[in-house]
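Have a look at the structure below before the remarks.
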Protein chains: 4
Amino acid sequence: MRQEERDRRGPTFTETARREQIMRGAIDAVNELGYHGASLSEIARHSGVAKSALVYYFGSKDALLLHVVDGVYSALGGAIDTAVAAERAPADRLRAYAESYLDHVGTHRLELTAASDIVVSHRGPDGVPLYLATEDEDTALLRAILTSGMEAGVFRAMSLPAAVAIVENMLDLAITAVQRRIDADLDTLTREIVDFIFRGLLV
Amino acid sequence: MRQEERDRRGPTFTETARREQIMRGAIDAVNELGYHGASLSEIARHSGVAKSALVYYFGSKDALLLHVVDGVYSALGGAIDTAVAAERAPADRLRAYAESYLDHVGTHRLELTAASDIVVSHRGPDGVPLYLATEDEDTALLRAILTSGMEAGVFRAMSLPAAVAIVENMLDLAITAVQRRIDADLDTLTREIVDFIFRGLLV
Amino acid sequence: MRQEERDRRGPTFTETARREQIMRGAIDAVNELGYHGASLSEIARHSGVAKSALVYYFGSKDALLLHVVDGVYSALGGAIDTAVAAERAPADRLRAYAESYLDHVGTHRLELTAASDIVVSHRGPDGVPLYLATEDEDTALLRAILTSGMEAGVFRAMSLPAAVAIVENMLDLAITAVQRRIDADLDTLTREIVDFIFRGLLV
Amino acid sequence: MRQEERDRRGPTFTETARREQIMRGAIDAVNELGYHGASLSEIARHSGVAKSALVYYFGSKDALLLHVVDGVYSALGGAIDTAVAAERAPADRLRAYAESYLDHVGTHRLELTAASDIVVSHRGPDGVPLYLATEDEDTALLRAILTSGMEAGVFRAMSLPAAVAIVENMLDLAITAVQRRIDADLDTLTREIVDFIFRGLLV
DNA sequence: TATGAATGAGTATTCATTCAT
DNA sequence: TATGAATGAATACTCATTCAT
């Protein structure tokens with residue numbers, strides 16, 4: 001079976017290409033038809049491969065969609081990590097966090113609208129949607145920034161979980177805007193969001 | 001047929017009761033199984049009636065779910081209207097808006113988690129999800145409050161659409177919290193949200 | 001139960017009126033929606049009574065439709081009987097048969113299109129369509145006319161079943177014409193049909 | 001999907017076989033249960049395949065039934081074309097038309113009873129039954145024969161549409177006879193029909 | 001490595017019929 | 001006499017998944 005071999009020897013070149021191709025097809029299908037309309041056959045059609053190939057490469061439709069989400073949010077996380085790592089002061093790091101997030105949304109619109117659609121609509125076998133299944137790890141960096149800022153006295157003291165939720169939620173607004181209009185102008189919104197966050201957090 | 005009769009003579013007592021019973025079943029089913037899992041048969045099972053009864057009373061599954069959404073958000077809107085109407089000053093009105101919203105979420109958890117789930121996952125025939133199909137009317141009151149506050153100089157000047165989106169989004173956080181844990185303590189979150197909103201908006 | 005009482009005492013006035021009203025509704029529904037579309041609820045709607053009333057008065061949907069067919073073809077048969085009874089010579093009687101048939105079709109278009117639709121599409125519980133379940137009795141008069149004409153030497157000798165089938169089938173053409181266009185001009189067709197029949201039968 | 005592939009590369013061997021198998025099942029089901037009783041599951045059962053296979057190969061139940069009708073009447077039309085093409089004189093061509101028609105009915109009883117049943121009972125989305133939706137093309141050959149015969153003075157002058165309708169209708173009698181009794185003896189009926197037609201048409 | 005063929009479990013919806021009143 | 005309420009069985013159709021090749 002493919003997955004096991006991959007574990008042993010790592011993916012071959014063509015395999016990686018095929019997986020990439022299929023994930024792009026999935027993103028296109030979700031954007032065009034919505035999560036509900038993105039059936040396996042539609043994804044296959046958008047990918048230019050047979051339905052059975054999707055199952056062959058990803059094991060199941062669900063696994064494929066989760067891979068898409070994983071890939072998109074990993075890329076977003078990577079961009080944020082890089083931006084934040086370039087700063088030392090908590091406020092600068094928070095600004096880098098927010099701006100790199102919003103910038104990445106603006107430059108990866110198709111990926112993020114699709115991934116967001118999946119995150120919002122997909123349910124695991126237990127019926128729990130992805131967007132409620134946040135792992136601690138996902139918010140670790142933001143939590144660290146906020147904590148150090150509060151300890152440094154540059155951010156006011158407030159409930160950490162609340163602060164994390166508020167900031168993440170506000171950044172999400174950019175994705176919603178892009179979902180509404182794929183070519184939405186994010187500049188104003190970006191400024192307002194960052195401004196609002198800092199007004200809420202600074203002492 | 002049921003719907004037409006209702007238009008002519010108004011609902012009978014038993015009809016209202018049955019509709020209520022079915023809508024409760026739908027809310028239960030959505031909460032337990034998620035929007036996707038809430039098939040007609042599951043809703044019927046949770047309601048204690050036959051599948052065909054749902055169609056008999058609501059015409060279609062979609063119509064039923066939209067009725068649920070409509071009912072839940074009408075109640076929320078009503079609570080907000082009442083609270084806001086008791087105040088005159090923009091800041092007081094905004095506070096009443098936010099607090100009544102958050103309070104209503106706390107006292108109607110099942111209804112709002114279900115309705116929110118539907119709003120987020122349901123697609124109309126055009127494929128557009130409900131939460132992207134916001135009507136101007138839905139945000140009219142909030143827009144009016146923010147506008148008058150800005151004109152009065154009590155709120156700082158900022159993009160009105162951005163302000164509306166930010167405030168609504170932040171209030172939504174309470175629903176997300178309840179979706180995560182149905183018995184979540186909303187007191188802290190409520191205080192933090194209201195505080196954050198006012199810090200962001202006041203001059 | 002209604003039917004049993006009717007057997008005992010004969011139908012009351014209002015009962016007859018109701019049955020009439022419902023049969024008219026059925027004819028309207030079949031003409032407007034076709035046999036397939038003429039569901040019990042549609043017939044009820046066209047009749048202005050409740051679905052359950054149809055069952056109450058006729059026992060079942062099938063029984064109702066059979067009553068309609070029966071009524072319509074009885075009226076046609078009556079018109080033919082009257083016209084034929086006025087003639088003595090076989091050729092005159094056949095002409096009276098054909099012309100009264102075609103005339104009746106022209107003056108009872110709605111009834112006959114509906115009845116014909118039912119006859120053609122309806123299946124008994126055994127799966128046998130009505131138009132194949134012809135009773136001997138239905139063709140008795142035509143058979144008698146043809147027989148006496150052949151015996152008198154005015155019609156040529158030919159297979160009696162074939163002759164009956166051919167004549168009936170040819171007269172049916174008028175109904176088909178009306179089904180195609182409810183306001184079809186039957187004059188030409190009538191002349192051609194009668195002419196054709198006589199050319200085929202006369203010695 | 002099956003249909004699209006077929007357009008691109010032509011049907012594969014197994015595909016053709018499966019389609020044949022399913023169409024035979026449909027013919028059997030219609031003959032046994034009538035158009036109404038021939039549900040997708042019954043057709044599947046008679047075909048020995050799963051319901052979903054019917055949809056896989058034909059797209060929908062309606063498409064399948066229309067394919068059956070199309071196939072059966074194409075074969076009939078082909079037989080007629082061949083027979084008629086061998087003759088030159090209008091009367092000979094008409095005789096070839098009628099006799100090949102009636103002969104084909106006799107040798108393809110199951111196909112024609114089923115197809116006729118479908119034609120008579122099936123309604124398009126507009127509610128118009130197939131047998132009323134006759135295309136000009138369907139009667140083109142017969143019209144041409146009759147026209148040329150009238151012009152040559154061998155057939156008497158009469159309304160062309162009436163003549164076409166009468167002849168087609170009379171030939172249909174053979175199908176009705178077979179529907180009534182699948183092993184009906186068509187020899188006599190054939191002779192009588194052809195005879196009747198010529199008596200009615202010859203000058 | 002890749003897929004075409006086939007399916008079974010599931011979907012929403014329709015509809016004639018029943019029954020208490 | 002008449003009906004509103006309710007349903008169970010049936011309908012066509014969808015779709016993720018399997019499997020032989």
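- Atom pair D/Glu42:CD and F/dA12:P shows a separation of 10 Å (rounding to whole Å applied).
- A cation-pi arrangement is present between D/Lys61 and D/Tyr35, with the terminal nitrogen or guanidinium carbon under 6.0 Å from the aromatic centre and inside a 45° cone about the axis.
- Taking the nucleotide of DNA chain F with the nearest heavy atom to each of B/Ala50 and C/Ala50, the more 5' of the two is matched to C/Ala50.
- What separates CG of D/Leu33 from C1' of F/dA10 is a distance of 14 Å, to the nearest Å.
- Protein atom CZ of D/Arg19 is 15 Å distant from nucleotide atom C1' of E/dG4, rounded to whole Å.
- The interatomic distance linking D/Phe58 (CZ) with F/dA12 (P) rounds to 16 Å, in whole Å.
- Across the protein-nucleic acid pair, C/Tyr56 atom OH and E/dT21 atom C1' stand 14 Å apart, rounded to whole Å.
- With the nearest nucleotide of DNA chain E identified for both D/Gly48 and B/Asp62, D/Gly48 has the one nearer the 5' end.
- No donor-acceptor contact under 3.5 angstrom links the side chains of C/Gln21 and C/Arg24, judged on distance only.
- Rounded to whole angstrom, the span from the OH atom of B/Tyr35 across to the P atom of E/dT11 amounts to 13 Å.
- Listed candidates were F/dG4, F/dT14, E/dT17. Nearest to the side chain of C/Val55 is E/dT17.
- When each of E/dT1, F/dT11, F/dT3 is scored by its nearest atom to the side-chain atoms of D/Ser41, the top-ranked nucleotide is F/dT11.
- Distance from the side chain of C/Lys51 is smallest to E/dA16 among E/dA12, E/dA16, F/dT7.
- Taking atom NE2 of residue D/His36 and atom P of nucleotide F/dA10, one finds them 17 Å apart after rounding to whole Å.
- The minimum heavy-atom distance linking B/Ala29 with B/His46 is given by the pair CB-ND1, 3.8 Å.
- Nearest-nucleotide positions on DNA chain F for A/Lys61 and D/Ser39 put D/Ser39 closer to the 5' end.
- If you check the side chains of D/Glu111 and D/Tyr73, you find no donor sitting under 3.5 Å from an acceptor.
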Practice item. List the steps and the verdict of side chain to side chain contact (heavy atoms under 4.5 Å, CB included) for B/Arg123 and B/Val128. Key: CA-CA 5 Å; B/Arg123 313 279 158 147; B/Val128 177; over 6 Å; no
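- B/Leu54 places its CG atom 12 Å from the C1' atom of F/dT7, with the value rounded to the nearest Å.
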Study note, to complete from the structure: Here DNA chain E, pairs taken as Watson-Crick or G-U under 3.5 Å and shown with ( ), [ ] when crossing and | when to another strand, reads .||||||||||||||||||||
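- Looking at which nucleotide of DNA chain E each of B/Ala38 and A/Ser52 is closest to, the 5′-most match is held by A/Ser52.
- Closest approach to the B/Ser60 side chain among F/dT7, F/dT11, E/dT13 is made by E/dT13 (side chain taken as heavy atoms from C-beta onward).
- Between the C/Asn31 side chain and the C/Leu110 main chain, a donor and an acceptor come within less than 3.5 Å of each other.
- Among E/dT17, F/dA12, E/dT7, the nucleotide with an atom closest to any side-chain atom of D/Leu40 is F/dA12.
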Practice item. Would you check, one step at a time, whether the test ring-ring contact (aromatic ring centres under 6.0 Å, His included) holds for D/His122 with C/His36? Key: CA-CA 9 Å; D/His122 184 84; C/His36 285 91; 7.9 Å; no
